[in-house]
Every structure is written in structure tokens, then in C-alpha cells.
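Right, one structure below, let's go through it.
To find a chain, count down the sequence lines: A is the first, B the second, and so on, and within it residues start at 1. Since the model is a prediction, treat every value here as computed from it, not as a measurement.
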Amino acid sequence: MSTGRHNRATTAGRLSVLVGALSVPAFVGVWELIARSRIVNAVLFPPPSTVAVAVLDWIHSGQFFGDLSASLFRVTVGFLIGTAGGIMLGVLTGRFRLVSSLLSPLFHILRPIPPIAFVPIVILWFGLSEAGKLFLVVWGVFFTVWLATHIGVQKVDRGLVRAALMLGTPRRQMLSEIILLGALPYIVVGLRTAVSISFYTLVAAELAGAFAGIVYRIEIAQQNMQTGQVMGGLAALGLLSFVADRSFAAIAERAVWWR
Amino acid sequence: MVAMMYNPLRPTPPLRLVDAAPEPSSTAPEAIIRVEDLSIVFDVPRGEVIAVDRVSLAVMPGEFVSLVGPSGCGKSTLLNAMAGLERPFEGEVMVAGKPMLSPRPDIGMVFQQPHLFPWKSVRRNIAHGPRALGKSKTEALRIADDLIDMIGLTKFANAYPHTLSGGMQQRVAIARALANQPRVLLMDEPFGALDAQTRAVMQDNLLELRDRINATIVFVTHDIDEAILLSDRVLIMSAGPGRILRDLSVGLPRPRSSAILTDPAYLALKRDCLDLIRTEGRKAFEQMEAVT
């Protein structure tokens, strides 16, 4: 009886794995069929085969790796700067009331403004330079990480702090070890959100005007009516942020190593 | 004030149920902990609460003193003041001749919860104090390993706290507090969160441990049995505002074990304590009723 139920369960499990593996190919297949059936305009809605050709061309022309590295550079450097600033100030505002009174009201007003809204002023300030793109990514990442750290620091078990105090822990070690590691589970959640935010802001930054980058390539292709290239760019962006999110999740799991 | 240290060369003194002689404050220079007219007041939304009300007491070096009283009587606050975690509103707390205004590494503390650093192994938790005080890593780990052997957790030296049971975690917390070789060990209901069986084992462990370390211990509990079993002296506190109601010497011979729990002298002492606490508990309850 129980074996039967067990078998049924594994059968259901296998079936769902199979369906899961077929999900994307089936979607691509249906898309190909519809695009080729002439129900839709093939120029605006090219079949996946056309998209694949466009992507191969992109790679062969040598532009792909230039675009990829330009985008990756903006996302990575922007993420690192925003994260460093966010964690540092989050520890300070979370731990010191005076610093919090000084900065938190300001941050809470600035934080909800969507980073994309800063594009016009960023162009005025930085022109089309790389600094402007980094600014946007840093801006988006910073507030998310700051808030997560701020909350995390405030939620650090007071008992841990007291225990550390009783053991003679010096002030610096208190901040850099007890407070920071105590808040780490919260910080890691903030960092993961910040990964996807860095991709949102990357899009805004590159649409605002750039000379290379995946989103820049999408925009150029759109102006040339190369719909296949547009979709190829979207697929590349999707894949990139998917990989970034997944690898970050894997890192995050190990970051809080004591769990 | 007479120090109630057990002296193996002298015959055990007869059990005394009388109150210890009242404290002639300012004469007993040898006391390691001296609390004088201490009051601690907390700000609450509806005004102020007096947690500790003009308490004076002295603890002699090597003594084991318990603070007992109904919950909310300020016994933990009093202990925190001895730890330097709570500032006096009035009066003074002196430990080893110096006023307590902030925590000091010569005073160790064990809390009701173990509060181990979850990111550190047992070894490194215990080594934390010596490291913080500037000892070399090798030296700190050596101290830790000795203590781990002492608490019988050798097999778990590299385990992380969350993999240990509550009793084991609390043993690590005690070892961690001892790693700085404190002159005074403060314990705030350290076994309060443990089940009855583990608690009994921990009490026996503490009695053994006490013979091997050279620290004065102040122990907060609401468990009368625990207080009498472990202590040289039991201070019974009144319901809030906290005051010391009675200072009882426990004249039971050492080494002790849970066997004394059925000793008639022990039972008499316990009855005495319980009567006091029950009266106080009722008062506290009526006070709370009156407020609400």
C-alpha cells in the first residue's frame, strides 16, 4: 500500500521534472510555429530561428563580448561601490542614534525615488560618460543595501552584544564582528535584491545613451528595425541576470556559514 | 558580615536559620563586591519605575551568593549593575575596589540564554574573551581547550552552537565567561531555560566547577532549591521596588549534592524562604492588580 503510494509519488515527481524540462523548448516551438504561420508580422515578431541567427551574427562580429563586458563592468562595479557604501552607512545609522537622526530621514526621502527618474539629471551632470552609468547603478544598489543593513544591525540580538561587552570586546571588533556578522543574514537578503536592482538601473543607464552594452545594442537594433537582434539582446539580458541571481543565491547560502 | 566560606579544617558549623548579622556598611574592607544604597530607576512611558530601591550588600571573596525573589523584583537589574551593564541612579556598586560604570573583563557573566556567537565554533567562542584581551591566538585556543575538557565537551570543540543542546550551550557559555579568569562570576538564572533533568545535572556540574575555579559567584534565580543547594548565602528580595528582605546563611556542609534536598535542616531553611517569598509574591501580584 505504502509502496504503491510511494511509486505514485515518484511517478508524479518524474512527470513534473519532465514537464519542467520541456517548458522552455515547448514555448520556443510554439513561438516558431506562430511566427512562421504568417498570422503575425514576421518582421515585428521574428521566429526564434531568426533570433538565433541574429545572436550568432552578434557574437561573430565581435561586438557581443564588448557589449557584455561593458554591461558587466557597470553592474559589477556599481554593485560593489553601492554595497560597500550601503553596508558602511547601514552599520553606522543602525548602531549610532545620532548618525541615524542625521541621515535616515534624508535616505528615507531619497530611497523611494525610482533611480530611472535620475536619468535626466545624470545626463546633465555626467554627460554620456561611464561615471553617470555607475552613478545610477550605485544609487539603486546603495539604498537597498543601506536599509537592509540598518534594519539588520538594529535586530542584532542584544544579548550577543552584552555577552561581547562582558568579554572585553574592543569597540572596533564590536562593529566589525559582532554587529556586522549579527546583521549578516539581513544584509545578504538586501544584497540579493540589490543584484536585480543593479540590472534594472543598468537598463536605464544604457538607454540614456552609451557606446557599448547589451541594452545599448538592443536600442540600436530597434532603431534599425532588427527585431531579431532586439529579442536576442533581451534573451542575453535575461540569461545574464538569471545567472547573476542564481550564483548570488549560491554565494549567499554560504555567506551565512554557521547555519 | 561573616564570610561563609567552607573551611575543611574546621568542623562544619551548625546550620543557622537566623538572619546573618545586619550589614554595618563601610566596615568590611575585604568585601569584593560592595553595593551601597543602590537605586536604579527606569524610564517607562507612564513615568518612572524603581527597579532597585536603596539596596546595600557585600559579598566576600570566594563566596557563593544567590539573589532570590519574585519575578520583576529587580534581582536581574541588581546583577546587571554589578556587571556594569546598568548604571546606578543613586548609590554605588564597587567591585574589587573600583566603581562599576561599564563592563570589565575581570567580571564574567552568564545569562539566562547562552548568547553564544553563532558564527563561531565552541572553541572560538570560548577563545573570544582572551583574544579580545590581546592574548595570542595559540594562547587563547589553549585556554579554550582546557576549559572544553573541564566542561566535558571535548568531542564538540569544533561544533557550532546551533548543533548543541540547550544544556551544552549553557556549559559553553559558562566556559566562555571563565576564559578571562574573572574574579567575579555573575549568573542570571543560567539554568532557568533548561528542563528539570538537565538543570539538576548543571547544578551538580556548577558545584564541581566551583571547587576548581577561584571566583566569587553571584547567582540570580527564582528557584529556592537551587539557591540553597548552591549558595553560602541567600539574599531574598522583596517585590518591586526591589529591596533585600532577608539575608540567610546556608550552613549546610560542602561538598554538597542533591542529596541534601531531603535533609530536615535544608527543608526548614526552604520553608523559611518559601514563606517569605510567598508573602512577597502575593504583594507583587496585588500591586499589579492595583495598577491594572
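Both the backbone and the side chain of Phe117(B) have a heavy atom closer than 4.5 Å to some heavy atom of chain A. Within the 4.5 angstrom heavy-atom criterion, no atom of Arg131(B) approaches chain A. Only the side chain of Asn80(B) comes within less than 4.5 Å of a heavy atom of chain A; its backbone N, CA, C and O stay farther away. Of the two parts of Ile178(A), the backbone and the side chain both hold a non-hydrogen atom closer than 4.5 Å to a non-hydrogen atom of chain B.
Taking His128(B), Arg104(B), His162(B) one by one and counting their heavy-atom pairs under 4.5 Å with chain A, the maximum is reached by His128(B). Of the listed residues Gly129(B), Pro118(B), Pro105(B), Pro103(B), the one with more heavy-atom pairs under 4.5 angstrom with chain A than any other is Pro118(B). Here Leu85(B) is the residue among Leu85(B), Leu186(B), Asn180(B) with the most heavy-atom pairs under 4.5 Å with chain A.
Salt bridge absent: Lys133(A) and Glu130(A) never bring a charged side-chain N and a carboxylate O closer than 4.0 Å. With respect to the salt-bridge test (charged N to carboxylate O, under 4.0 angstrom), the residues Asp232(B) and Arg210(B) qualify. In summary, Glu177(A) and Lys120(B) engage in a salt bridge, as defined by a charged side-chain N under 4.0 Å from a carboxylate O.
Side chain of Gln170(B) to main chain of Pro190(B): a donor-acceptor pair is present (N/O by atom type, distance under 3.5 Å, no hydrogens or angles).
Side-chain atoms of Thr201(A) and Trp139(A) include no donor-acceptor pair closer than 3.5 Å. Defined by atom type and a distance below 3.5 Å, a donor-acceptor pair is missing between the side-chain atoms of Ser76(B) and Glu189(B).
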